[in-house]
Amino acid sequence: MRNTFFAFVALFCLATFPLFGQPVEFIVLQMNDVYEIAPLEGGKAGGLARVATVRQELLKENPNVITVLAGDFLSPSFLGTMRFENEAGEQEKIAGLQMIETLNAMGLDYVTFGNHEFDIKDPDVLAKRIAQSDFQWTVCNAQRVMADGQKRPFRQGGASIPPYILHPIKGENGQEITVGILGVVLPFNQIEYVDYAPVNEAFAATLKELSPQADFVMGITHLNVDEDEALAAAVPGVPLFTGGHEHANLSRYVGTTRITKADANAKTVYVHRVKVDPDCGMVSVNSTLRTIDDSIADEPKTLAVVNKWLDRAFEVMEGMGYEPEKEVLRLNETLVCKESAVRTSQTNFGQLTLAALEDAMPGADVYFINSGTMRLDDNLDGLVTEYDVLRTYPFGGKVVRVSLTGKVLQRALETGLMTNYGEGGYFQVRQVDPTTLTVKGEVIDPGKSYSVVLPEFVARGLEANLDFLGQYYDGSGPDDLKVGEDTVRNDIRDLVIHYMLKIGEY
Ligand SMILES: [Zn+2]
């Protein structure tokens, strides 16, 4: 990139390479969208101690390994919602600390923000997590909005988080190159302490400053893939976007830009073997997707950190009466709980949840939940454990029955299915047509009384735009429910677990 005689020298390189060319080789190890430190699917898939082993193997192949995580890792997770006693002896929300400590042990070099990093409501807690990172954060289009309204870069280690990184690499024969890395995040999470600059403009301006200083440039892009493609088209010439936000692996080309995303929760990682000829600027990127499964040994140092947090989590879960490793459902189809799906459409996991509610409270006219109850932001395959249920509904909560007039029910359904579309207040519904809003095939009668089963959180009027529901609930939701022969604690997690055990497979 820095060579202004690129075209001329490239011809020279083509003529002489590989006889005389001495490219510098390095490896980029890419993860994205990792919420779980331990393996999932009954221990089969993912696990950061296994990724650490892969990293160690790559380091033996080539000492120049750059490990990146393309955003979304501090939230959501069941562990993250719990508290622990910090060094000052205070109760502190875990809020991603388990991820920071595990990634520190694993050996990570660079991250950018994902939208879920801004799930942390208190900017000082996020600042603390950034400060606890041994790895470097970078972002070119997000700034912190201070209490006085001023915009400043987020900070790490007493310095501003930079819009780009210059990473020096020394080749086998002593040749030196510089890898330029810039991070970008989609403006999805509209929390008041973050200000976003437009993605393409910020990226282009940063690249303009970065390019003359680097032999190879890569983006860490936490964007929708269509935004990645638009960015690659608008700002061409960056050979590699290590992307995030999507949870299923993909690889696409736009011009000479390759966009890659690995599977969420480190079920796979991308390994990019890069060659750069510093004399002529020629680059090649050879990318392979590596599955992370139980054929890979755990790296002991990382495993020790994972187990420390897992022991703590299991202690809490067992204290709540759960058996986290217990298998409760065998899946024949994928249960869909990606946020982008569950907040915009009726998904099978939403329907399964509502079936569990109907099983526990039969005979109602309508069942609905706010999709924000379901925080997994991932899909489930294979075996479902109690831990999977807990991380799907990390906040739990009672389910209650209320009586609403048709007029109020109509307003609630319009709000939950239309006004709240795309948000956590979007409804998953049962016995309601989500398009026509008919109930059991009939138009809602405004004067009639309807029996409705819903989460107590929504019944109390605490969901967005649904505060009017609060006046119809008297707070009398029972602590336990009789479900068949069993007495089950009235918590959506217990009701779902009970129902999953009853049906056995789905
Ligand atoms: Zn995301």
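Everything numeric here is computed off the predicted structure, so don't read it as measured data. Count residues from 1 along the sequence. Whatever order the structure lists ligands and atoms in, that order sets their numbers, starting from 1.
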Participant: Using the benzene-type ring in the case of Trp, are the ring centres of His272 and Phe26 under 6.0 Å apart?
Facilitator: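 No, ring centres 6.0 Å or more apart.
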Participant: Please work out the angle at the Zn ion (ligand 1) defined by atom NE2 of His222 on one side and atom ND1 of His245 on the other, rounded to 10°.
Facilitator: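 Reported to 10°, the angle equals 100°.
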Participant: How many degrees, to 10°, between Asp72 OD2 and Asn115 OD1 as seen from the Zn ion (ligand 1)?
Facilitator: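 It is 110°, given to the nearest 10°.
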Participant: Would you mind telling me which of Tyr164, Phe154, Phe73 makes a ring pair (Phe, Tyr, Trp, His ring centres under 6.0 Å) with Trp137?
Facilitator: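 It is Phe73, the one option of Tyr164, Phe154, Phe73 that forms the ring pair (Phe, Tyr, Trp, His ring centres under 6.0 Å) with Trp137.
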Participant: Run the numbers on Glu299 and Arg50 for salt bridge (Lys or Arg N to Asp or Glu O under 4.0 Å), then give the verdict.
Facilitator: CA-CA 6 Å; Glu299 190 277 312; Arg50 293 172 182 159; over 6 Å; no
Participant: Using a cut-off of strictly less than 2.8 Å, determine whether Asp33 has an N/O/S atom near the Zn ion (ligand 1).
Facilitator: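 Here the distance criterion (N, O or S atom, under 2.8 Å) is not met by Asp33, so no.
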Participant: Is the shortest side-chain N to carboxylate O distance from Glu201 to Lys208 below 4.0 Å?
Facilitator: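 Salt bridge between Glu201 and Lys208, a charged N being under 4.0 Å from a carboxylate O: no.
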